[in-house]
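Presented below is the structure to which this report refers.
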Amino acid sequence: MLNELFTPSVQHALDIVGIFVFAISGALLAVRKNFDVFGIAVLAEVTALGGGLFRDLIIGAVPPAAFTDLGYFLTPLLAAGLVFFLHPHVERIQVAVNVFDAAGLGLFCVTGTVKAYDYGLGLTASAALGLATAVGGGVLRDVLANETPSLLRWDRDLYAVPAMVGATMIVLCIRFGTINAFTSGTAVIAAFVLRLLAMRFHWRAPRAYKRSSAAAEEGSAAT
């Protein structure tokens, strides 16, 4: 089904761009954590390829694409090298990196969902793996860096929710037989725009009911 939506060359080019931007975010976190060059490379690889590896192993698409296409494997290393030498300059264009990261999020939640469906999973499971494809690398990155995964933190702008929206839109298109390049592109754009809006207006998911007041009481009690 993926080949019906995008030509293989377009799909490959989009994948490489998304992988590169995800790898940049992993390498930048490694620099902030004062990791050495090996740690920077590992975090770049994990962030860029972790979600896709997880999806491919679950659906039985082995060996995973990350190990059959050298471009997928080398692109994160290129990003790691760029950040290793030029991280002050890359930090200064963080806004642009975030925009491309949002685009990668939208792309991977849709393509991950479609690939899972192609391998025989149901609609709900396919959407779940589409979400995992988009955010899984970031979760692994944060775990390796000894941080609470950012998509689980209340003080971070919405990240998983836009991917959930994109994955849900594409499974609805599959369900009603309207999946094509236009509707798939619409799902990608919806996730992308929602992520941009979340960053612009700092939209965040709600915490547990009355959790904020309880936290304030705990803080005053501690003092």
Side-chain angles (χ1 to χ4, degrees), residues 6-56 63-112 132-151 153 156-160 162-163 166 188-189 191-193 195-196 198-200:
F6 308 104
T7 64
S9 59
V10 170
Q11 174 68 36
H12 188 265
L14 292 173
D15 283 347
I16 291 295
V17 172
I19 286 170
F20 182 81
V21 177
F22 279 14
I24 289 285
S25 71
L28 283 175
L29 179 59
V31 170
R32 296 183 193 120
K33 287 286 187 175
N34 205 29
F35 286 8
D36 63 13
V37 63
F38 181 75
I40 294 172
V42 168
L43 237 60
E45 289 280 359
V46 166
T47 308
L49 303 177
L53 280 172
F54 176 78
R55 176 204 61 217
D56 288 350
F67 294 102
T68 58
D69 188 316
L70 193 60
Y72 288 174
F73 187 80
L74 293 180
T75 297
L77 296 181
L78 175 63
L82 180 69
V83 170
F84 181 81
F85 289 106
L86 301 174
H87 60 88
H89 304 286
V90 178
E91 291 275 14
R92 284 198 288 269
I93 60 168
Q94 185 65 55
V95 172
V97 172
N98 288 341
V99 170
F100 281 104
D101 181 87
L105 182 80
L107 173 68
F108 289 152
C109 73
V110 169
T111 58
T133 303
V135 306
V139 172
L140 293 173
R141 172 201 65 203
D142 292 342
V143 170
L144 288 176
N146 198 29
E147 291 198 346
T148 301
S150 58
L151 84 164
R153 295 177 56 175
R156 293 290 189 268
D157 302 332
L158 293 178
Y159 193 80
V188 171
I189 292 171
F192 170 59
V193 170
R195 171 58 180 161
L196 290 183
M199 290 190 293
R200 173 65 178 83

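- Annotation: side chain of Ile93 is not in contact with side chain of His89 (no heavy-atom distance under 4.5 Å).
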**Report entry** Criterion side-chain contact (heavy atoms from CB on, under 4.5 Å) on Asp157 and Arg200, from CA distance to verdict
**Finding:** CA-CA 9 Å; Asp157 302 332; Arg200 173 65 178 83; over 6 Å; no

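- A perpendicular orientation is assigned to the rings of Phe108 and Phe22, their planes being inclined by more than 60° (bins at 30° and 60°).
- For the atom pair CZ (Arg141) and CD (Glu45), the distance works out to 15.0 Å, reported to the nearest 0.5 Å.
- Residues Thr68 and Pro63 come closest through the heavy atom pair CG2-CG, 3.5 Å.
- In this structure, CD1 in Ile189 is found 11.5 Å from CG in Leu196, a value given to the nearest 0.5 Å.
- A distance of 15.0 Å separates CG in Leu49 from CZ in Phe54, rounded to the nearest 0.5 Å.
- Side-chain contact check for Val31 versus Phe84: every heavy-atom pair is 4.5 Å or farther apart.
- Between Ala23 and Ala79, the shortest heavy-atom distance links the atoms CB-CB, 3.6 Å.
- The shortest non-hydrogen separation linking Leu43 to Ala145 is CD2-CB, 4.3 Å.
- Within a 6.0 Å radius of CZ in Phe100, other residues, nucleotides and ligands contribute 12 heavy atoms or fewer.
- The two residues Lys33 and Asn146 have their closest heavy-atom pair at NZ-O, 4.4 Å.
- Here CZ of Arg153 is found 6.5 Å from CD of Glu147. Values are rounded to the nearest 0.5 Å.
- Contact detail for Ala30 and Gly39: the closest heavy-atom pair is CB-O, 4.1 Å.
- Annotation: the span from Glu91 atom CD to Leu28 atom CG amounts to 5.0 Å, rounded to 0.5 Å.
- Note that CG of Leu158 is 11.0 Å distant from CE of Met199, once rounded to the nearest 0.5 Å.
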Query - Evaluation steps, side-chain contact (heavy atoms from CB on, under 4.5 Å), between Gln94 and Asn98 - result: CA-CA 6 Å; Gln94 185 65 55; Asn98 288 341; 3.0 Å; yes

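- The shortest non-hydrogen separation linking Ala160 to Val135 is CA-CG1, 4.3 Å.
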Query raised in the report: Given the rule in the side-chain contact (heavy atoms from CB on, under 4.5 Å) test, do His87 and Ile40 qualify, once you have shown the distances and angles that lead to the verdict?
Result: CA-CA 11 Å; His87 60 88; Ile40 294 172; over 6 Å; no

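- Counting non-hydrogen atoms of other residues, nucleotides and ligands closer than 6.0 Å to CG of Asn34 gives a total of 12 or fewer.
- Residue Phe20 qualifies as enclosed at atom CZ: its count of foreign heavy atoms under 6.0 Å is above 12.
- The closest side-chain heavy-atom distance from Leu107 to Phe192 is not below 4.5 Å.
- Contact annotation: the side chain of Leu29 approaches that of Asp142 to within less than 4.5 Å [non-hydrogen atoms, C-beta and beyond].
- Using a 4.5 Å heavy-atom cutoff, the side chains of Val46 and Val42 are in contact.
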